[in-house]
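All residue numbers in this chain count up from 1 along the given sequence. Below, each value reflects all heavy atoms present in this structure, side chains not excepted, and no hydrogens, waters or symmetry copies.
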Amino acid sequence: MDNVKNDNYYILKIRQDLEFIVIHMKDVDIEELNENEILLDSMLFRMIQLSENAKKLTEDYKQKH
């Protein structure tokens with residue numbers, strides 16, 4: 001059964017990406033982030049995913065929240 005891709009689906013994906021970022025960036029300073037190419041790439045990927053999923057939210061949802 002496929003996931004229904006509605007506002008709840010996209011909000012879940014956004015929350016998962018935010019939680020991933022918070023967990024993996026805990027105690028990481030900017031110097032460490034800049035020196036760790038894999039971590040930087042991973043965080044940028046998650047930020048892009050956040051942006052893409054936020055764009056898919058309906059206008060009604062965005063207005064209400």
Side-chain angles (χ1 to χ4, degrees):
M1 183 175 188
D2 291 335
N3 285 331
V4 175
K5 294 187 176 174
N6 57 20
D7 289 330
N8 288 332
Y9 172 84
Y10 294 116
I11 290 297
L12 177 62
K13 299 305 263 178
I14 290 168
R15 289 184 60 126
Q16 289 171 339
D17 285 330
L18 287 170
E19 289 172 11
F20 182 92
I21 291 168
V22 169
I23 289 167
H24 290 88
M25 290 300 296
K26 186 174 187 247
D27 301 323
V28 175
D29 61 28
I30 191 69
E31 291 84 19
E32 182 180 350
L33 180 62
N34 286 328
E35 291 172 5
N36 187 331
E37 187 176 349
I38 294 171
L39 180 60
L40 179 59
D41 186 63
S42 176
M43 293 305 113
L44 290 174
F45 174 79
R46 293 292 177 147
M47 296 299 289
I48 291 167
Q49 293 300 306
L50 282 166
S51 174
E52 292 298 318
N53 285 320
K55 289 177 189 176
K56 293 176 183 175
L57 294 169
T58 63
E59 285 303 315
D60 186 51
Y61 183 89
K62 291 177 192 177
Q63 297 258 335
K64 289 180 181 176
H65 298 88

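A donor-acceptor pair under 3.5 Å is formed between the side chain of N34 and the backbone N or O of I30. Panel note: side chain D7, backbone T58; a donor-acceptor pair is recorded below 3.5 Å.
Considering NE2 of H24 and CD of E19, their distance stands at 12.0 Å, rounded to 0.5 Å. Here the straight-line distance linking atom OG of S42 with atom CD of E37 works out to 12.5 Å at 0.5 Å rounding. From Y61, atom OH reaches atom CG of N8 across 7.5 Å, with rounding to the nearest 0.5 Å. Between D17 atom CG and E52 atom CD the span is 11.5 Å, to the nearest 0.5 Å.
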Trace of the salt bridge (Lys or Arg N to Asp or Glu O under 4.0 Å) decision for K64 with D60: CA-CA 6 Å; K64 289 180 181 176; D60 186 51; 3.3 Å; yes
Trace of the side-chain contact (heavy atoms from CB on, under 4.5 Å) decision for F20 with M43: CA-CA 9 Å; F20 182 92; M43 293 305 113; 3.5 Å; yes
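With contacts defined as side-chain heavy-atom distances shorter than 4.5 Å, the pair K5/K56 does not qualify. Residues I11 and N53 fail the side-chain proximity criterion, which asks for heavy atoms closer than 4.5 Å. Contact annotation: the side chain of I21 approaches that of M47 to within less than 4.5 Å [non-hydrogen atoms, C-beta and beyond]. Between Y9 and K13, the closest side-chain pair of non-hydrogen atoms falls below 4.5 Å.
In the hydrophobic cluster analysis, where Ile, Leu, Val, Met, Phe, Trp and Tyr join through side-chain heavy atoms closer than 4.5 angstrom, L50 is grouped apart from V22. Linking Ile, Leu, Val, Met, Phe, Trp and Tyr whenever their side-chain heavy atoms come within less than 4.5 Å leaves I48 and L39 in two separate clusters. Residues L40 and V28 share a single hydrophobic cluster, defined by chaining ILVMFWY side chains whose heavy atoms lie under 4.5 Å apart. Linking ILVMFWY residues whenever their side-chain heavy atoms come closer than 4.5 Å, directly or via other members, leaves I14 and L12 in distinct clusters.
Heavy atoms of other residues, nucleotides or ligands lying less than 6.0 angstrom from CD1 of I38 number 12 at most.
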